[in-house]
Every structure is written in structure tokens, then in C-alpha cells.
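Read through the structure below, which is laid out as C-alpha cells, and then see the notes.
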Amino acid sequence: MMRFTPPPEPADFEQQVRKAGNNWLVKNPCKEPKDFWSTFKPQLAKEFQHLCGYSVMYIPSRMGTVDHYLSKSKAENRHLIYDWKNYRYALQRVNSCKGTYDRQILDPFEVEDNWFEIILPSCQLILTDAIPSHERDRAEFTLRQLQLQNSEWVIEQRQEWYRMYLENELNLEGLEKKAPLIARAVKKQLN
């Protein structure tokens, strides 16, 4: 993971999502929330540079989702369902793994850039000593729950980005845009 900056709320979000969604919730208090947020998925993706907020790798649009950091499935979070500040851009698979764990998972807006690093050539994601001791358990839980450390699918994806770089299909600048944690690992290796 790496730190993402909370994006500014789009100008028309208030009317199209927050007001429309909250009005819908008042009329349908016991129903599954209606999806008003997906129309803003392209803007959210752009603000995240089309990177998953958790795996920090490029996501093709069809595989990206709007993650409600504080789960829309929990009654205590119902007031945040249509809140732009509660949205993160995430790979579908990661969003599914996250489920309703909410605050047990590190927030991409709160982690620091030096808390995680990729080890080459294995492409395994590890915790660094820079993680404050009070966040270490959450960081370990995040890696396990979201399958970010060494699961087959994530290693395969990282190795493909790394292979593209090694075989000159992608230069370091391109790698920084598509898989910034791998680019950092390459830079560290080069130094």
C-alpha cells in the first residue's frame, strides 16, 4: 500500500449522489442502498490514477469498483453511503475480500508511503520497520484479509508488471504509473 490523497468532491456530486441517495434512503430505510455512486466511478478512478487504493496497481475500468471504506452494509455507516469522502477506488477482488471489515483495514488515505515495500524478484509485499507499532497488527491483518502479501493472483499480477519492465515493454516511468511499488523496488535495486 501507499498513501493516496483524498480527492476533491466533484461539483455535481452533491445533487446527483448525496441528495438523491439520502432522499432514496429516507423513502427506503430497510432496502439495500441504491447505487447512485457508480456514475462517478470514472472520476474516482482518475483521482486514484487508475490504481487500486490497496494493491497499488493499475486497474482496467471494468475491474475497478467504488469501495465504501466504511461498509455500506453496516447500519452505523448508513449516513456515509453517499459521502464522497468514504469512497476508495479498488480492484473488484480486493473490495470483495475487504467485505465489512472497515476500520480493521488500513485506509489508503492514512497509510504512509514507506510502510510497505515489494521484494524483488519474488514480488512479495512486506511490512517495513517504518510502520508505527500501534498500526502493525492492522497492517498485517490488511495484508492477510485483502490477500495482498503473497497470494497467487497478486504475485502473478506484480510479476507481469515486473516482467514487462525487464523485457523493455515498459520503461521505469511507465512502471511508476502502472505499479508504483514495483517501480520503487526497482529503483532500490538499481541503487
Side-chain angles (χ1 to χ4, degrees), residues 1-57 59 61-116 125 127 130-149 151 153-154 181:
M1 293 181 71
M2 70 177 212
R3 186 175 194 87
F4 284 86
T5 302
E9 184 175 301
D12 45 353
F13 183 86
E14 174 71 23
Q15 193 65 35
Q16 290 185 34
V17 178
R18 187 176 290 112
K19 282 185 179 178
N22 287 329
N23 287 338
W24 187 89
L25 283 178
V26 168
K27 295 174 187 170
N28 302 280
C30 298
K31 289 187 178 179
E32 182 73 20
K34 185 173 180 181
D35 181 350
F36 288 96
W37 55 82
S38 284
T39 58
F40 285 86
K41 183 175 83 167
Q43 280 182 267
L44 187 65
K46 184 178 176 187
E47 293 292 340
F48 274 76
Q49 297 89 42
H50 296 273
L51 299 172
C52 173
Y54 302 96
S55 71
V56 196
M57 288 185 282
I59 310 173
S61 297
R62 69 187 179 286
M63 297 174 78
T65 61
V66 175
D67 167 47
H68 290 72
Y69 176 69
L70 297 177
S71 176
K72 66 184 186 304
S73 301
K74 290 184 174 179
E76 67 265 23
N77 298 334
R78 205 152 168 87
H79 67 288
L80 297 171
I81 293 171
Y82 302 107
D83 189 338
W84 178 257
K85 292 177 186 169
N86 192 38
Y87 299 162
R88 312 295 181 265
Y89 190 60
L91 183 66
Q92 229 169 5
R93 183 177 196 141
V94 171
N95 198 355
S96 294
C97 290
K98 183 176 163 283
T100 60
Y101 281 102
D102 291 357
R103 296 186 197 279
Q104 296 103 313
I105 301 290
L106 289 173
D107 185 347
F109 295 159
E110 296 174 355
V111 300
E112 294 298 330
D113 280 343
N114 59 351
W115 287 7
F116 298 88
L125 183 66
L127 309 179
I131 296 178
S133 57
H134 69 278
E135 292 288 14
R136 196 156 195 88
D137 288 343
R138 275 180 74 204
E140 289 171 354
F141 179 80
T142 299
L143 291 184
R144 273 192 319 275
Q145 185 60 38
L146 302 185
Q147 302 176 4
L148 295 176
Q149 189 166 32
S151 68
W153 70 268
V154 78
L181 291 179

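We use all heavy atoms of the structure for the numbers below, so side chains are in, but hydrogens, waters and symmetry mates are not.
Contact detail for Arg78 and Cys30: the closest heavy-atom pair is NH2-N, 4.2 Å. Across Phe109 and Lys85, no two heavy atoms sit closer than the pair CE1-O, 4.3 Å. When every heavy atom of Arg18 is checked against every heavy atom of Glu9, the shortest pair comes out as NH2-OE1, 2.7 Å. Smallest separation of non-hydrogen atoms from Trp153 and Leu146: CZ2-O, 3.9 Å. Across every non-hydrogen atom of Gln92 and Thr65, the tightest pair is CG-CG2, 3.3 Å.
For Lys74, the NZ atom is densely surrounded, since the number of other residues' heavy atoms within 6.0 Å is greater than 12. Environment of CD in Gln15: sparse, with no more than 12 heavy atoms of neighbouring residues, nucleotides or ligands closer than 6.0 Å.
Phe4 pairs in a ring pair (Phe, Tyr, Trp, His ring centres under 6.0 Å) with only one of the listed residues (Tyr54, Phe48, Tyr69), which is Phe48. A salt bridge (charged side-chain N to carboxylate O under 4.0 Å, His left out) with Arg88 holds for exactly one of Asp67, Asp107, Asp102; it is Asp107.
Below 30°, between 30° and 60°, or above 60°: for Phe13 and Tyr87 the angle between ring planes is above 60°, a perpendicular geometry.
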Tyr82 vs Leu25, test: side-chain contact (heavy atoms from CB on, under 4.5 Å). Steps then yes/no. CA-CA 10 Å; Tyr82 302 107; Leu25 283 178; 3.6 Å; yes

Does the side-chain contact (heavy atoms from CB on, under 4.5 Å) test come out yes or no for Leu127 and Trp115, once each step is laid out? CA-CA 6 Å; Leu127 309 179; Trp115 287 7; over 6 Å; no

Test log, rule side-chain contact (heavy atoms from CB on, under 4.5 Å), inputs Met1 and Leu106: CA-CA 9 Å; Met1 293 181 71; Leu106 289 173; 4.1 Å; yes

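Formation of a donor-acceptor pair under 3.5 Å by the Lys41 side chain with backbone atoms of Ser61 is found in this model.
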